[in-house]
Every structure is written in C-alpha cells, then in structure tokens.
Amino acid sequence: MTAKHAELAEKFITDEPRTNWHDETLWFVREKRDKAAHGIPEWEQLREWGSQIKNHSLSNLSTYLKEFEEKALANGIIVHWADDGEEHNKIIHSIIQKHSIQKIVKSKSMLTEECHLNEYLYDKGIEIVDTDLGERIVQFRNEPPSHIVLPAIHLKKEDVSATFHEHLNTEKGNNDPQYLTEAARQHLRNKFVESELAITGVNFAIAETGGFVVCTNEGNADMGAHSAKVHIACMGFEKIIPKAEHLAVFLRLLARSATGQPITTFSSHFQKPRPDQEMHIVIVDNGRSRQLGREDFRNSLKCIRCAACFNTCPVYRRSGGHSYHTAVAGPIGSILNPNLDMKANSDLPFASTLCGSCTNVCPVKINIHEQLWKWRQEIVKEGYVDTTKKIGMGGMAYLFTYPKLYRIIGKTGRWVMKNFPFVVNNKLNVWFKQREMPQVPEQSFRDWYLKNGKKTKN
C-alpha cells in the first residue's frame, strides 16, 4: 500500500534546513514569475485568451483531434491512439521491436512518467536514457521527478556531485555546477550520437497544421529527434489547440509562469519526418475523457504544465514533490490524480490550505483551489477518508448544529487549555507536533461582540 502524503511529508521535513532551503528556492522561482508577469501590461489579457482558447478546444475536442490526425497523416506522421497507459507503452514497445532498437533517448515527458514507460521497458530488458539534466540525475538515483519543470529541485549540488561520482566517475567532492554540467553534457552527447529512437513529449499540438511543438531549455529534445531514425512523440489529447496563431499566447504564458523567462530557450516545431526518418505520435486518453465529463473538474484539462501552482503552494514547498506519490505532484496533481484512482489518491486534495494562491498564478485560470474543495466532497461521499477524520468531521458537524453546545464546549476547552496545557501540548496532538499552540483567549469572539459590539458601531 502506498504511503500517504502526511507520512511522506513527515519524512521530508525531518531535515529542517533542507526543508527551509526547498521552500525558499521555490519561492524565489515564484518571485521571478511575478516579475516576468508584471513586466508586460497585457498579462491578464493573455491569461484570459489562454483560458478561452483551452475552453474552446476542450468543448470541440473530437473535431480538432480528427483534424489533427488528418493533417498529421498527410504530413507523413504515423498516428496512434491509446486508451490508457498500458496501451501507450505497448504501442511504443511494438515500434521498438519492429525496428530491433537497442539505443533509446527520451526528453522530459510527464505523460511517459504518468504511464510508467521507463519501468515498463526496463521489465522488457530495454534501457531508456532520460536526457533532461534533472531527469537524468533522478534516473541515476532511481527516484521519480519531484517537480514537473525542475525534476531534481529536491537535491542540492552536493547530492548531484555524489551521484555523478558514483555513475559518471567524476571527481569526488567537486561540487562546481559548471564541472558537473559539463560531465553530464559529455555523457549525454554519446547517448544522442548512438541513439536509434528518440521519445519526446508534446507541449502543444496544432489541429490546423498537424504539427506539434516541444519546449525545452536544454535542446535535448532536438538533439534526440534530429539524430535518431525514429521519433515518437507522446501526448495527452488535451494538448490540442486549434490554430498555429494561438501558439503565441501559450508560448508567452508558459515560460514566464514556469521559470520567469520571457520564452523557453528552444520552442521546437515538428511538422513532418525527415526523408530518412520515421515519425510517430501517440495520443493518449488515460482517464482524460472521464475528467472531461466531470463538470466540476473538466477545467483541470486546460493545464499547460508550467508548475506555477507548485512554486507558490505553501504545502508543496514544505513537503516536497515525492510526498504526493504520483507523477504530477502539487496542487494540479491533487486534482488530476483522484480522477485516475480516487482511492489511491484520496489523500491529495486534503494536502492544501485552500488559500487560492494556485488559482491566482495559473496562466490559464484553472480554479484549482475550488476543485480541491470539491474533490474533498467527492472523496468523503465515496467513503475514501480514514476513520479518524470521518469521526472528527462528523463530530464537528454535529457540534456546529447546536450553538449552545458549541459555546459550552468552547468555554470548557479554553479553561482546560489555560489551566492544564499539557492536555494538548503533547505528542499525541498531531497539530502540536509541528506547531506551537495558540495563546488561549480570555473570551470567545461572541462574548466579546455582545459586550463591545454596540460600542464599536457607535
């Protein structure tokens, strides 16, 4: 059974200095996002356009997906459709077998993480090399990425140095980022040259042209796709947009929201295979149709995977990505993953303060915090909450129903906390484990208001 968010977060915060560093680093990225957004006066207009284009695309998916397939086939791209992650993996495996491929490179793709492609191919005895620097680091460490844009953000340069010393035989204790990056570059250069198959993700697929766009800061998608004789692009069907002119909106939103850059270093357009190349695109559902049919949650499919909600979330910043035990962590993952498996991911919508900061920074205006709240209701309705929480919330609901009882309990609680503080200031109180208990007020707000309310009005 997978450990839940609270248990995994407790492990992460054991190292307090690292937790603080993780928190501060991600907030620094959030501040960069703010500066980039405030640097263009039309930012809110771009967000509105992005949101409306996505709304339109989701409302006309069948039309645009058919158009995309027709144009892609006309361009010489082989199109595949996968109902779920397993079918996605089988399609890719069949292409590998057809060409007797041994050397595979992959650029960052959250869809392949969602479908567990690497593990599937490992079980078949096939090695796949992740070429994004952060992804390669966590692959060496046999860890999943902890962030969809910054996969190794949970690691410090000392951790990377130790990992590279073990796997790349770099100088022990050399923590110089330039030295470590060069070592990775030399290591990956050979992988690109030797590769027979390149797998990439898809940031945007354009129905009008049958082409697709991949955004990277390292150029690794280009290196793989331009070297290998076979290129497979993997996309969730929600990545479709109607026209090429709409790209301008999303390319301006994506990088600013993700890292505070005006635009990603490489925005690579793939239209058709080279004369000596075979190009495939695998379009995946994997629960997206079900999410599309959920009126309260369909907006989550507008996500462009910028991770702005990660960088601003006070829970994610202090609990780390691995505490979410899913490929896509953070606030957006907490509203996407219950759709895939409500029982297994029932804890995630509760890993939130519902502060609304995620919604405020979302470049396509997904109402993330509202969906988190609605998922909680669905999860409780289905009975996927632990007994302690269920009893506690039931007790609170009963208490709030009877004002007199509520006032009596409140008064008793204040008296106990004031005169016998050890009753709540102990390890049995989960709240007390990580926080100081608040100072006990002399009276309730109601008592204060009855006494002072008239004076305040006057």
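Residue numbers count from 1 along this sequence.
Between F204 and F212, the distance separating the two ring centers is not shorter than 6.0 angstrom. Residues H5 and F12 place their aromatic rings such that the two centres sit no closer than 6.0 Å. Between W375 and F297, the distance separating the two ring centers is shorter than 6.0 angstrom. Aromatic pair Y64/H56: centroids less than 6.0 angstrom apart. You'll find the ring centres of Y406 and Y402 outside the 6.0 Å limit.
Of the N and O atoms on the side chains of S161 and N175, at least one donor lies less than 3.5 Å from an acceptor on the other residue. Between the side chains of N367 and Q371, at least one donor N or O lies within less than 3.5 Å of an accepting N or O. Under 3.5 Å, the side chains of D132 and N217 contain no donor-acceptor pair of N or O atoms. S107 and T131 form no side-chain donor-acceptor contact under 3.5 Å, judged by distance and modelled atom types alone. Using modelled atom types and a 3.5 Å distance limit, the side chains of H154 and R18 yield no donor-acceptor pair.
If you take CD on Q52 and OG on S57, they are separated by 11.0 Å, rounding to the nearest 0.5 Å. One distance of note links OG1 of T163 with CG of L155; it measures 6.5 Å at 0.5 Å rounding. If you take CG on N345 and CG on D347, they are separated by 7.0 Å, rounding to the nearest 0.5 Å. We find the CG-CH2 distance between N311 and W27 to be 10.0 Å, quoted to the nearest 0.5 Å.
Residues passing the salt bridge (charged side-chain N to carboxylate O under 4.0 Å, His left out) test with D34, sequence neighbours excluded: R30. Here H325 pairs with nothing under the ring-ring contact (aromatic ring centres under 6.0 Å, His included) rule; sequence neighbours left out. Judged as a salt bridge (charged side-chain N to carboxylate O under 4.0 Å, His left out), and not counting sequence neighbours, the contacts of D296 are K374. Remark: H165 engages no residue in a ring-ring contact (aromatic ring centres under 6.0 Å, His included) (not counting sequence neighbours).
With a 6.0 Å cutoff to the six-membered ring centre and a 45° limit on the axis angle, K124 does not count as a cation-pi contact of Y122. By the 6.0 Å and 45° rule, K172 does not stack over the aromatic ring of F164.
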Which pairs would a plain distance check flag for residues 377-391, meaning a side-chain donor or acceptor within less than 3.5 Å of a matching protein atom at least two apart in sequence or in another chain?
unit_1, atom_1, unit_2, atom_2, d
D386, OD1, T388, N, 3.3
D386, OD1, K389, N, 2.8

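Classified by interplanar angle (parallel below 30°, tilted 30° to 60°, perpendicular above 60°), the ring pair Y316/H147 is perpendicular.
Applying the side chain to side chain donor-acceptor pair (under 3.5 Å) test to pairs two or more places apart or on separate chains, those with a residue in residues 247-258 are E42-R252.
Between F420 and W415 the shortest side-chain heavy-atom distance falls below 4.5 Å.
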